[in-house]
Structure formats: structure tokens, C-alpha cells
Amino acid sequence: MHFGTGKGWGSRKGFGSLAAAFATAFVAATMLWAASASAQKTELLVYTALETDQIKAYEEAFNKAYPDVAIKWVRDSTGVITAKLLAEKANPQADMVVGTSASSMAVFANEGMLQGYAPKGLDKIVPAYRDPKNPPEWVGMDVYGAAICFNTVEAAKLNLPKPATWKDLTKPVYKGRIVMPNPASSGTGFLDVAGWLQMWGEADGYKFMDGLHDNVAHYTHSGSKPCREAGAGEFPIGISFEYRAVTTKKSGAPIDIIFPSEGLGWDLEASGIMKTTKKVEAARKLMDWLATPAAMELFSKNFAVVAIPGIAKPLDFVPADYEQRLVKNDFAWEAKNRDKILAEWTKRYDGKSEPK
């Protein structure tokens, strides 16, 4: 057989053309394989109120355990996520809700929006930190509770005493010096209000909030913002939650963290699967991972109490008896009364809320 010296393998030019063809075919095959691998991943649309600075570490750890599931996050504050899910009830978009308050999860459960699932290792979760139904419709991750950020530098300039109790905040000396989250848009704001009402009852709870309102400069739509404002010296006192208080202090802001002696309102970051999702298997994988000791170890870097006992370690600036300071919390009561509480709060105090 004669191969010739023209355009066949016998010429350098022909060989180069063939190599180029092989290279093109290889690249095409690689792209096809990558597209195929990507297509095999199930993408979950997850609504979350997790803090932005926590999501990356959680997602990376989950992806190592379950590389076949990708997460598309929709992130906002708890009140906004809660309102969004309720508005979409007739046409749900999300596959899951992750890291949103248990008080909101209980609302979704009451509305028939969640499906029950018992993740692997559920028996290790503290019963108070999960939905009591069997199987549960939501499972807790970690506890976040109330804290006050007190800017010592600004307070000294203004000759303000350091408060030790919630009721100290109603003293006239603090007029216009306090910022707090709006409970309709912030989970932190709601846990404060629900905590005060459960601690003191309705009459005394609103009496306290009336006095506090006199001293509030404005209500924010974020639970983190009051502490950030206090840390930056914009206001001397910000009612926030312990994670943001600790991170603000660690960033170098001149704040003291106060855990008022009467007790601390609190909530859980919790997760659940939407009843309407078509990606049940992938959603269950994420629920399984969220209930693992490995996941709890990550949560414990940010919070002093996690849903599996014995994992959390002492955190800087958080008292060792923090869990004992939490008020008795009834999530079913909060879910049942949420609309009533927010309507009353809005009627009384919303005039000082920041524009949305």
C-alpha cells in the first residue's frame, strides 16, 4: 500500500493536522464528560437566613461528603425569608429551608408546607431542639440568643453607665442611644420580643417595650446591624445576638458584650424539606449532613450551644452557663401567636423603623 508524501501521515504537515484533530476531539470529549458530570449533580434551591460569613465553610464541607448535590442559596434575614416562603405558598420555589429560625419553621409546619423526615442520627439531637412530631418536619442546628453590644468608648464620652439588665435600658439616660432589630424582618428582633413576652407576660412585656421604645433611635431590618452600628460608634448600644457580638468584638471594636440577667430570648437555626420539592433524595442528603457530629463541629465554631450535646466548646466572651440563661421557649406558642405579636408590635413601634 502506498501512503504517499502529500496530505497523509507521511508528511509533517499531515501529522500535525491529525494531532490537532486528536486534540480537538480530546477537548470535546473532556467538555462532554464535564457537562455530563455536572448534569449528574442535583441542584437544590435553598432559602436560608444563615449569616453570609458562615455559608462557605458549611457548603464546602457538605460538598466533600455529597459531591453529587449542588446548592443554590437565596439568603436574607429571617423575617424576609419567612415572608417570602409564605407569599410563595401557592407556588413554592424552594426545595429546602436551612438555618432559619425554629419559630418560623413551626409556622411553615402549621401551614402544611414541610414534609417529615428523620435524618440519620436524629436520636442524638436534644428533643427540645427539634420538631416534636415523628418524623420531625424541622430539625435544629444551633442556638442563637440575645446579647447587647455596648461601646465603651462612646459610652464614656456620653457618661453613660453600663446596663446590666433589660429593664436598665428603659432609664431616661439612654434616650436615643439604643438600636434594635425590627421583629417583623429580623429573627433576632422576634426572639427578643417573644422572649420578653414569655418572661414577663403580655402586659408587663409591652410595658417594658414601651419604655424601651422611648430610648430607641431606630429599628433595623437586620439582627447583625445594631451590633455593627454599636461597634462602629454610631450608637453606644445595639441589641443583637451573641454570634455577631463576638465577631464584632474580635474584629477590634471597643465593645463589651452584655447578657442581661433576667434571661435571654433565643431561637434555633433549623432546617426542613419543602413538601413540594421534586428533589427529595438530594434534600434528604443535606438534612442527613446537617444532623451529623461533623456539621455540629462546624456550627460550634460560631455558637455556644448546638443541637447535639457534648460537641460545643467554650467560646470567647460567652459565659459558661449561657445555656442556663436562656428563657423557657415555646415554639408552638410563638408560631400560633406570631401574626398577633407582629401586628401589635408594628402598631406600637414601627414608626421608628428604618426604611426597607
Side-chain angles (χ1 to χ4, degrees), residues 49-55 75-80 99 101 142-158 160-166 168-169 174 176-196 209 212-213 215-269 299 301-305 315-319 322 325-326 349 352-354 356:
L50 289 170
E51 294 296 304
T52 306
D53 45 9
Q54 298 165 358
I55 289 175
R75 195 266 159 202
D76 216 313
S77 61
T78 296
V80 174
S101 69
D142 44 66
V143 170
Y144 61 104
I148 296 171
C149 295
F150 180 73
N151 188 305
T152 55
V153 172
E154 293 305 310
K157 290 178 188 174
L158 298 164
L160 295 178
K162 182 176 174 177
T165 69
W166 290 118
D168 281 348
L169 298 181
Y174 298 117
R177 307 299 187 190
I178 301 170
V179 285
M180 174 190 158
N182 179 323
S185 46
S186 160
T188 303
F190 187 76
L191 71 82
D192 285 323
V193 173
W196 296 327
M209 283 185 266
L212 177 65
H213 180 70
N215 293 340
V216 167
H218 64 233
Y219 299 99
T220 68
H221 295 293
S222 154
S224 291
K225 190 173 181 182
C227 198
R228 289 199 179 106
E229 290 186 332
E234 295 172 42
F235 295 92
I237 298 172
I239 298 173
S240 189
F241 63 110
E242 90 288 356
Y243 169 76
R244 187 53 62 204
V246 169
T247 56
T248 302
K249 187 172 178 69
K250 283 187 172 181
S251 75
I255 64 164
D256 283 349
I257 304 172
I258 300 165
F259 297 95
S261 58
E262 301 101 323
L264 307 174
W266 61 281
D267 211 319
L268 288 165
E269 289 189 318
F299 307 155
K301 293 180 179 180
N302 301 315
F303 297 97
V305 180
L315 291 183
D316 292 342
F317 313 119
V318 178
Y322 176 78
R325 299 185 185 209
L326 305 175
Y349 313 123
K352 286 188 179 179
S353 290
E354 288 184 319
K356 287 187 179 177

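Worth knowing before you read on, the calculation uses all heavy atoms, side chains too, and leaves out hydrogens, waters and symmetry mates.
- Residues S224 and S240 approach most closely at CA-OG, 4.0 Å, considering heavy atoms.
- Of the possible polar contacts, none joining the S77 side chain to the S222 backbone as a donor-acceptor pair under 3.5 Å is found.
- By the 4.0 Å N-to-carboxylate-O rule, E51 lies close enough to R244 to be salt-bridged with it.
- Taking 4.5 Å as the limit, some side-chain heavy atom of P181 sits within range of a side-chain heavy atom of P226.
- Taking NZ from K352 and OG1 from T220, the interatomic distance works out to 14.0 Å, rounded to the nearest 0.5 Å.
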Stepwise side-chain contact (heavy atoms from CB on, under 4.5 Å) test for I237 and Y174: CA-CA 9 Å; I237 298 172; Y174 298 117; 3.5 Å; yes
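- Atom OH of Y144 sits about 12.5 Å away from atom CG of L326, to the nearest 0.5 Å.
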Test salt bridge (Lys or Arg N to Asp or Glu O under 4.0 Å) applied to K225 and E354, step by step: CA-CA 11 Å; K225 190 173 181 182; E354 288 184 319; 2.9 Å; yes
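- For the atom pair D267 CG and T188 OG1, the distance stands at 9.0 Å (nearest 0.5 Å).
- Between the side chain of K162 and the main chain of F150, no donor-acceptor pair closer than 3.5 Å is present.
- Side-chain atoms of V216 and F235, non-hydrogen and from C-beta on, never get closer than 4.5 Å to each other.
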Residues Q54, F303; criterion side-chain contact (heavy atoms from CB on, under 4.5 Å); working and verdict: CA-CA 11 Å; Q54 298 165 358; F303 297 97; 3.6 Å; yes
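- When all heavy atoms are compared, the tightest approach of G231 to P254 is O-CD, 3.9 Å.
- Contact check for L50 versus R75: no side-chain heavy atoms found under the 4.5 Å cut-off.
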Stepwise side-chain contact (heavy atoms from CB on, under 4.5 Å) test for T248 and I255: CA-CA 8 Å; T248 302; I255 64 164; 4.0 Å; yes
Test log, rule side-chain hydrogen bond (donor to acceptor under 3.5 Å, both in side chains), inputs T152 and D256: CA-CA 7 Å; T152 55; D256 283 349; 5.3 Å; no
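- Remark: the backbone N or O of W196 is not paired with any side-chain donor or acceptor of W166 at under 3.5 angstrom.
- At least one side-chain heavy atom of I239 sits under 4.5 Å from a side-chain heavy atom of D192.
- Closest approach of I258 to P163, counting heavy atoms only: CD1-O, 3.3 Å.
- At a threshold of 4.5 Å between non-hydrogen side-chain atoms, the residues R325 and E262 do not count as touching.
- The side-chain heavy atoms of N215 and L169, taken from C-beta on, include no pair separated by under 4.5 Å.
- For the pair L191 and A146, the tightest heavy-atom approach, listed with the atom from each and the gap, is CD1-N, 3.8 Å.
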side-chain contact (heavy atoms from CB on, under 4.5 Å) assessment of I148 paired with I257: CA-CA 6 Å; I148 296 171; I257 304 172; over 6 Å; no
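- When side chains are defined from C-beta on, L315 does not count as touching V246, because their heavy atoms never get closer than 4.5 Å.
- Atom SG of C149 is separated from atom CZ of F241 by 9.5 Å, given to the nearest 0.5 angstrom.
- Partners of S101 by side chain to side chain donor-acceptor pair (under 3.5 Å), not counting sequence neighbours, listed by chain and number: S103, S104.
- The two residues P236 and A230 have their closest heavy-atom pair at O-CB, 4.2 Å.
- In this structure, K249 is positioned above the aromatic face of F317, its NZ or CZ under 6.0 Å from the six-membered ring centre and within 45° of the axis.
- Proximity of a side-chain donor or acceptor of E154 to a complementary backbone N or O of E234 within less than 3.5 Å is not detected.
- Note on ring orientation: taking the six-membered ring where Trp is involved, the planes of Y219 and Y349 are tilted (angle from 30° to 60°).
- At distances below 3.5 Å, at least one donor-acceptor pair connects side-chain atoms of Y322 with backbone N or O atoms of G145.
- Atom OG of residue S261 and atom CG of residue D168 lie 7.5 Å apart, to the nearest 0.5 angstrom.
- Under 4.0 Å is where a charged nitrogen must lie from a carboxylate oxygen, and between D142 and K301 no such pair does.
- Counting heavy atoms from C-beta on, the side chains of H213 and M180 never come closer than 4.5 Å.
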